[in-house]
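I have placed the structure first, in the form of structure tokens, so that the comments after it can refer back to it.
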Number of protein chains: 2
Amino acid sequence: MNTMTTAKTTPTAEDDGLEEVVFDVFARGCPSRPTMEHVTGRWGGLVLVALADGDLRFNALRRRVDGISEKMLAQALHALERDGLVVREVKQAIPPNVEYRLTEFGSGVVERLQELIGFVEGNMAGVLAAQQRYDTAKANAEAGA
Amino acid sequence: MNTMTTAKTTPTAEDDGLEEVVFDVFARGCPSRPTMEHVTGRWGGLVLVALADGDLRFNALRRRVDGISEKMLAQALHALERDGLVVREVKQAIPPNVEYRLTEFGSGVVERLQELIGFVEGNMAGVLAAQQRYDTAKANAEAGA
DNA sequence: CAGCATCCAAGTTGATACTG
DNA sequence: CAGTATCAACTTGGATGCTG
């Protein structure tokens, strides 16, 4: 297991010239890993979800995703655009007007992302409690040592 | 918007002494951000999903999550345990035997995570195509410049 | 407004060695 | 087996200044 360095063909792929390819994030060299990292990374996910409510311009996005720097936003947008999650639309005008919009694929990703985020947010009270238990338990262990 | 530096109480929270608290990953200081990062970060998600098939021991996990170092695995496990996503179970024995298991909350997170991963993996062919389009378009733009 | 280039501080990562 | 400790290499992120 996990000797795969890139996507491999399935054993069941029919020999019709269009071999079925399987992608697996668990495999070190699978191209799905970088894409997952763009989607779930520190900023990518927030940028995607911010676009769920409607198209936004660069600086509007920057305001929406609290704390992101110009550089990181540009970097995230490039990666998302390259992966086909986001489309960059330039409207010739002065001042320049550039809008970012989710693709269909991007929307699908956002749906799933929002379910995950919603679930985590909804359980944060429990998380906070768990953290307290963990911290006091560790403090006691250290005191007892 | 986004002036929130920590979780805030909702405007509609009844004054019953148990104020409803809203968590929002978009807010810079919200405790849900670090938790989301543990869940979606480079290793956290893979570790969680690896545990979906059953409890695993430290070194078994290490083999399963291809490419993770000892240090990163230990670090990820600590964070996940502290957030209440994973339980660490020590079975006194020689040699030492420590198993990691998902909590109920952890399982819920994994479900959502798997939907996201599955969706992305299932669309990787399109991603690869998008990347090629993007790269050749950029190459042309540079050549024309 | 939209964004790139550069520099530098700070954080992250991974090998390696060692402990209980 | 199940980790911790340490250190060097690499990556990240942000502030700043500039272009179209």
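Letters go in sequence order (proteins before strands), and every chain restarts at 1.
- S32(A) places no side-chain N or O within donor-acceptor distance of the main-chain N or O of F23(A), the cut-off being under 3.5 Å.
- Put simply, CG on L73(B) is 14 Å from P on dC1(D), counting in whole angstrom units.
- Counting non-hydrogen atoms under 4.0 angstrom, R42(B) reaches the backbone sugars and phosphates but no base.
- In the set dG3(C), dC1(C), dA2(D), dC1(C) carries the atom at the smallest distance from any side-chain atom of P95(A).
- Applying the side-chain contact (heavy atoms from CB on, under 4.5 Å) test between L80(B) and each of V87(B), V109(B), T35(B), V47(B) identifies V47(B) as the sole match.
- In this structure, R64(B) forms a cation-pi arrangement with F26(A), its terminal cationic atom sitting closer than 6.0 Å to the ring centre and no more than 45° off the ring axis.
- Here the C1' atom of nucleotide dA2(C) and the CD atom of E81(A) are 14 Å apart, to the nearest Å.
- The side chain of R57(B) places an N or O atom within less than 4.0 Å of a non-bridging phosphate oxygen (OP1 or OP2) of dA2(D).
- In this structure, the CG atom of L61(A) is 14 Å from the P atom of dC1(C), given to the nearest Å.
- Summary of the strand contacts: S69(B) and F58(A) both lie near DNA chain C, and taking for each the nucleotide with the nearest heavy atom, the more 5' one is attributed to F58(A).
- Distance alone, capped at 3.5 Å, is enough to place a donor-acceptor pair between the N123(B) side chain and the F119(B) backbone.
- Residue order along DNA chain C, read from the 5' end via each residue's closest nucleotide, puts N59(A) first among P96(B) and N59(A).
- Taking atom CD on E70(A) and atom C1' on dT19(D), their separation rounds to 12 Å, with Å as the unit.
- Not a single donor-acceptor pair under 3.5 Å links the side chain of R33(A) to the backbone N or O of G29(A).
- If you measure from atom CD of Q75(A) to atom P of dG14(D), you get 10 Å, rounded to the nearest angstrom.
- Across the protein-nucleic acid pair, Q92(B) atom CD and dA2(D) atom P stand 13 Å apart, rounded to whole Å.
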Base, backbone or nothing for each nucleotide of nucleotides 6-11 of chain C, written B, S, -, heavy atoms under 4.0 angstrom, 5' to 3'?
-B----

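- Within 4.0 Å (heavy atoms only), R62(B) reaches no atom of the nucleic acid at all.
- In this structure, CD1 of I68(B) is placed 13 Å from P of dG3(D), rounded to the nearest angstrom.
- The shortest side-chain heavy-atom distance between D24(A) and E121(B) falls under the 4.5 Å cut-off.
- Rounded to an integer number of Å, the gap from I94(A) CD1 to dC1(C) C1' is 11 Å.
- Between H78(B) and dG3(D), a side-chain N or O to OP1/OP2 separation shorter than 4.0 Å is absent.
- Within the 3.5 Å criterion, the main-chain N or O of I68(A) finds a donor-acceptor partner in the side chain of R62(A).
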